[in-house]
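What follows is a short report on a single structure.
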Amino acid sequence: MKTEEFPIVEIFDSVEGEGKRTGYMAVFVRFAGCNLRCSYCDTGYALTREDAVETLDRAQLLERIHQYPWKKITLTGGEPLLQPLDGLCRDLSAEGYEINIETNGAVPLLEERPKHLFYTMDVKSPSSGMRGRMRMENLTRLTADDVVKFVVGSQEDLLDMEQVLKDYPIRGQIYVSPVYGAIEPKELVEFVRDHKLARVCTQVQLHKVIWDPDKRGV
């Protein structure tokens with residue numbers, strides 16, 4: 001059997017900056033490689049496998065994760081679902097980790113979902129330039145434990161979000177956040193209020209408020 005290899009950009013612990021675990025400490029594993037090139041990407045240093053600073057097998061990666069005291073872990077990228085995550089997630093689940101996979105929505109989800117795993121899935125807005133690459137059927141596989149995230153940079157993006165919410169019976173928790181520097185958070189709040197989108201939670205990226213917006217490893 002071929003050894004699983006994981007291209008790693010960084011492993012660190014920090015506060016969760018967005019989603020349903022905002023404010024909680026977690027371990028972050030950032031993988032190298034993404035199949036999309038979103039206009040507002042803020043992790044351009046993790047787009048190709050060549051961006052990896054090290055390559056670890058599953059045992060080595062678990063050993064690194066075990067160095068941190070937290071039982072919440074976020075697998076991110078890049079696009080983590082391009083990596084062989086099945087065995088890693090089964091191991092983490094068996095060890096009692098709560099696993100958050102941050103996915104761009106343009107890759108198939110895991111065939112089997114271990115316990116304690118949830119997805120934070122983007123719905124790519126028109127301004128991302130990647131809407132045509134979305135696998136919108138992924139929305140139908142989400143559960144009430146999952147998170148659906150709209151990152152918006154314009155009123156057009158907000159109107160698109162409203163249409164998606166009408167077209168798809170999303171069971172997951174719904175969040176909207178601004179493209180940093182492109183739109184004021186108050187515009188999101190006002191849109192949610194004026195359009196009576198009661199299920200939508202407005203958020204900002206907390207880590208970009210606490211630290212410099214371009215700081216890595218936070």
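Heads up: numbering here begins at 1 and tracks the sequence.
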If hydrophobic clusters are built from ILVMFWY residues whose side chains come within less than 4.5 Å, do V123 and V107 share one? yes
Flag yes if L117 and L139 sit in one hydrophobic cluster, no otherwise; membership is Ile, Leu, Val, Met, Phe, Trp, Tyr, and two members link when side-chain heavy atoms are under 4.5 Å apart. yes
So, the side chain of R133 versus the backbone of A106: is there a donor-acceptor pair under 3.5 Å, distance only? no
Taking the side chain as everything from C-beta on, heavy atoms only, tell me whether L158 gets closer than 4.5 Å to I183. yes
Distance-only, no hydrogens or angles: does the E79 side chain make a donor-acceptor pair with backbone N or O of L81 under 3.5 Å? yes
Between Y24 and V15, does the side chain to side chain contact (heavy atoms under 4.5 Å, CB included) criterion hold? Intermediate values first, please. CA-CA 5 Å; Y24 287 97; V15 66; over 6 Å; no
Please check this pair: side chain of R171 against backbone of T140, looking for a donor-acceptor N/O pair closer than 3.5 Å. yes
Evaluation steps, side chain to side chain contact (heavy atoms under 4.5 Å, CB included), between Q67 and V27: CA-CA 10 Å; Q67 294 176 12; V27 184; over 6 Å; no
Mind checking whether F6 and F31 have parallel, tilted or perpendicular rings, split at 30° and 60°? tilted
Pairwise side-chain contact, Y119 with L142, heavy-atom cut-off 4.5 Å (strictly under): yes
Partner residues of P108 under the side-chain contact (heavy atoms from CB on, under 4.5 Å) criterion, sequence neighbours left out: R135
pair R58-L85: side-chain heavy atoms closer than 4.5 Å: no
Side chains of Q173 and V148: closer than 4.5 Å at any heavy-atom pair? no
Side-chain (K20) to main-chain (D145) donor-acceptor, under 3.5 angstrom: yes
Which residues pass the side-chain contact (heavy atoms from CB on, under 4.5 Å) test with S154, sequence neighbours left out? E156, D157
Just do the side chain to side chain contact (heavy atoms under 4.5 Å, CB included) check on S14 and F28 with the steps written out, would you? CA-CA 7 Å; S14 187; F28 290 81; 4.1 Å; yes
ILVMFWY cluster, Y45 and V179 together (side-chain gap under 4.5 Å): no
Residues which pass side-chain contact (heavy atoms from CB on, under 4.5 Å) with E98, listed by chain and number, not counting sequence neighbours: R21, K72, F118
Measure from the side-chain N and O atoms of K71 to the backbone N and O of E95, and report whether any donor-acceptor pair falls under 3.5 Å. yes
Is the side chain of E162 donor-acceptor paired with the backbone N or O of V192 at a distance under 3.5 Å, no angle test? no
So E102 and L75, do their side chains get closer than 4.5 Å, heavy atoms only? no
Are I174 and L188 linked, directly or through intermediate hydrophobic residues, by side-chain heavy-atom contacts shorter than 4.5 Å (ILVMFWY only)? yes
Verdict with reasoning, T120 to T103, per side chain to side chain contact (heavy atoms under 4.5 Å, CB included): CA-CA 6 Å; T120 297; T103 177; over 6 Å; no
Keeping the roles fixed (side chain from H66, backbone from L62), state whether a donor-acceptor pair exists under 3.5 Å. yes
Between the main-chain N or O of D57 and the side-chain N or O of Q60, is there a donor-acceptor pair closer than 3.5 Å? yes
Would you call R64 and L56 a side-chain contact if the rule is heavy atoms closer than 4.5 Å? yes
Could you grab the distance from atom OG of S93 to atom NZ of K115, nearest 0.5 Å is fine? 7.5 Å
Nearest heavy-atom pair of P80 and G78: which atoms, and what distance? CD-O, 3.8 Å
Under 3.5 Å, side chain of D194 to main-chain N/O of F191, donor-acceptor pair present? no
How long is the gap from CZ on R90 to CD on E112, to the nearest 0.5 Å? 7.5 Å
M134 and N104 have their tightest heavy-atom pair at SD-O, 3.5 Å
So for atom CD, which belongs to E63, do other residues, nucleotides or ligands contribute more than 12 heavy atoms lying within a distance under 6.0 Å? no
Could you check if a side-chain atom of V29 sits within less than 4.5 angstrom of a side-chain atom of I8, using non-hydrogen atoms only? yes
Closest non-hydrogen atom pair between C41 and G44, with its separation: SG-N, 3.7 Å
Show the nearest heavy-atom pair for residues A46 and R30, with the distance to one decimal. CB-CD, 4.0 Å
Does R141 pair with D146 as a salt bridge, N-O distance under 4.0 Å? no
Can you tell me how far CE of M161 sits from CD of Q155, rounded to the nearest 0.5 angstrom? 10.0 Å
Roughly how far apart are T74 OG1 and E18 CD, rounded to 0.5 Å? 9.5 Å
Distance, nearest 0.5 Å, that separates OG1 of T55 from CG of L61: 11.0 Å
Is a donor on one side and an acceptor on the other found under 3.5 Å between the side chain of S177 and the backbone of V204? no
Is there a path of hydrophobic side-chain contacts, each under 4.5 Å between heavy atoms, that joins V147 and L165? no
Looking only at heavy atoms, the pair that brings G172 and R199 closest together is O-NH2, 2.7 Å
How far does CD of E10 sit from OG1 of T76, to the nearest 0.5 angstrom? 9.0 Å
What pair of heavy atoms forms the shortest contact from C89 to L110, and how long is it? SG-CD1, 4.3 Å
Report yes if the side chains of L36 and K124 come closer than 4.5 Å at any heavy-atom pair, otherwise no. yes
Is it true that atom CD of E137 has more than 12 heavy atoms of other residues, nucleotides or ligands lying nearer than 6.0 Å? yes
